[in-house]
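All remarks here apply to the structure that follows.
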Amino acid sequence: MMNKKQIRFCLDEITKMFPDAECELKHANPFELVIAVLLSAQCTDVLVNKVTAELFKKYKTPEDYLAVSLEELQQDIRSIGLYRNKAKNIRKLCEVLIENYGGEVPRTKAELEKLAGVGRKTANVVASVAFNEPAIAVDTHVERVSKRLGICRWKDSVVQVEETLMRKVPIKEWSDTHHRLIFFGRYHCKARNPECPTCPLLELCREGQKRMKKEKEVNA
DNA sequence: CTCCCGATAT
DNA sequence: ATATCAGGAG
């Protein structure tokens, strides 16, 4: 497990690599962000943006999503995958927004998590990106990067990863750190071919060291 | 834990 | 062919 000083070094290096990391899901308001993040489960943000480009022209309000049939909404998001669950959740979410929140998106993580299809990660993203609440959403990238580097333990749950990051990172840096860890995981410390040879964190990366050693054995 | 699930990279 | 993608619900 890394100490605070080592984590500081990692964050500084990742900041140099991705100084402008930010939410890549296109949205014009909190409502569009909730829909976009809900759709993004097990799907690339590139594909989500492709779909929402058309979706957000057709559906502007919660009422709009309830005005069409479930089948029509399914077709409009079909290319995303998991589309039956997501269409059902969007409708349920819109119903609750209208009934309980005056058609507006609630601002707190606790209220957000009650919405259909909105779990801990999505609630954290919306609270942080749309409402500037301090939060660190742990998605597949943040989890993988944190575990490879040794910021947390391999066996940690996503909640444990989130708690470790919140403990070790100053609260004012939560939002930027969150996005930079995602960019680092998405474009450098990738799931398949992590670019360890050119990684500035290689010398203190547990997984990186292991991979480099293995590569040496193969070449020998 | 399993299921949901199409698009894309490898 | 298969792993992976800004996960969540039952």
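First the proteins, then the strands, lettered A, B, ... as listed; each starts at 1.
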So what does A/L47 touch, heavy atoms closer than 4.0 Å: a base, only the sugar-phosphate, or nothing?
-> sugar-phosphate
Phosphate OP1/OP2 of C/dG8 contacted by A/T122 side-chain N/O (<4.0 Å) = yes
Nearest whole angstrom, please: distance from the P of C/dG7 to the CD of A/E143.
-> 10 Å
What distance separates A/T177 OG1 from A/M166 CE, expressed to the nearest 0.5 Å?
-> 13.0 Å
Once you round it to whole Å, what is the distance between P of B/dC4 and CG of A/L38?
-> 18 Å
Sugar-phosphate only, base, or nothing, as touched by A/K92 at under 4.0 Å among non-hydrogen atoms | nothing
Sugar-phosphate only, base, or nothing, as touched by A/G119 at under 4.0 Å among non-hydrogen atoms = sugar-phosphate
How long is the line joining CZ of A/R144 and C1' of C/dG7, in whole Å?
-> 15 Å
Verify the contact: side-chain N or O of A/T140 to OP1 or OP2 of C/dC5, cut-off strictly under 4.0 Å; return yes or no.
-> yes
On a whole-Å scale, what distance lies between the P atoms belonging to C/dA6 and B/dC1?
-> 23 Å
Nearest of B/dA7, C/dG7, C/dA6 to any side-chain atom of A/L25?
-> C/dA6
A/K86 has an atom NZ; how far is it from atom P of B/dG6, in whole Å?
-> 11 Å
Within this structure, what is the CG-to-C1' distance between A/N85 and B/dC3, rounded to whole angstrom?
-> 8 Å
Length of the NE2-C1' vector between A/H179 and C/dA6, whole Å | 9 Å
Rounded to the nearest 0.5 Å, the CG atom of A/N124 sits from the CH2 atom of A/W174 at a distance of 9.5 Å
Counting heavy atoms from C-beta on, name the nucleotide in B/dG6, C/dT4, B/dT8 closest to the side chain of A/S79.
-> B/dG6
Going by an N to O cut-off under 4.0 Å, is there a salt bridge joining A/E72 and A/K58?
-> yes
Can you tell me how far the CZ atom of A/R148 sits from the CZ atom of A/R206, to the nearest 0.5 Å?
-> 11.5 Å
In whole Å, what is the span from the CG atom of A/N49 to the C1' atom of B/dA7?
-> 14 Å
Centres of the A/F31 and A/Y59 rings: under 6.0 Å?
-> no
Starting at the 5' end of DNA chain B, which residue's closest nucleotide do you reach first, A/I80 or A/N193?
-> A/I80
The answer to which of A/V118 and A/C43 contacts DNA chain C further toward the 5' end, by nearest nucleotide, is A/C43
Against the side chain of A/L82, the closest entry in B/dC5, B/dT8, C/dA6 is B/dC5
Salt-bridged, A/K26 to A/D45, with N to O below 4.0 Å?
-> no
Would you kindly give the CG-to-P distance between A/D45 and C/dT4, to the nearest whole Å?
-> 18 Å
Judged by nearest nucleotide, the residue sitting upstream toward the 5' end of DNA chain B, A/Q42 or A/K190, is A/Q42
So does A/R186 get a side-chain nitrogen or oxygen closer than 4.0 Å to the phosphate oxygens (OP1/OP2) of C/dA6?
-> yes
Below 4.0 angstrom from OP1 or OP2 of B/dC5, is there any side-chain N or O of A/R84?
-> yes
Under 4.0 angstrom, heavy atoms only, what part of the nucleic acid is A/V37 near: base, sugar-phosphate, or nothing?
-> nothing
Within the structure shown, what part of the strands sits under 4.0 Å from A/L33 by heavy-atom distance: base, sugar-phosphate, or nothing?
-> nothing
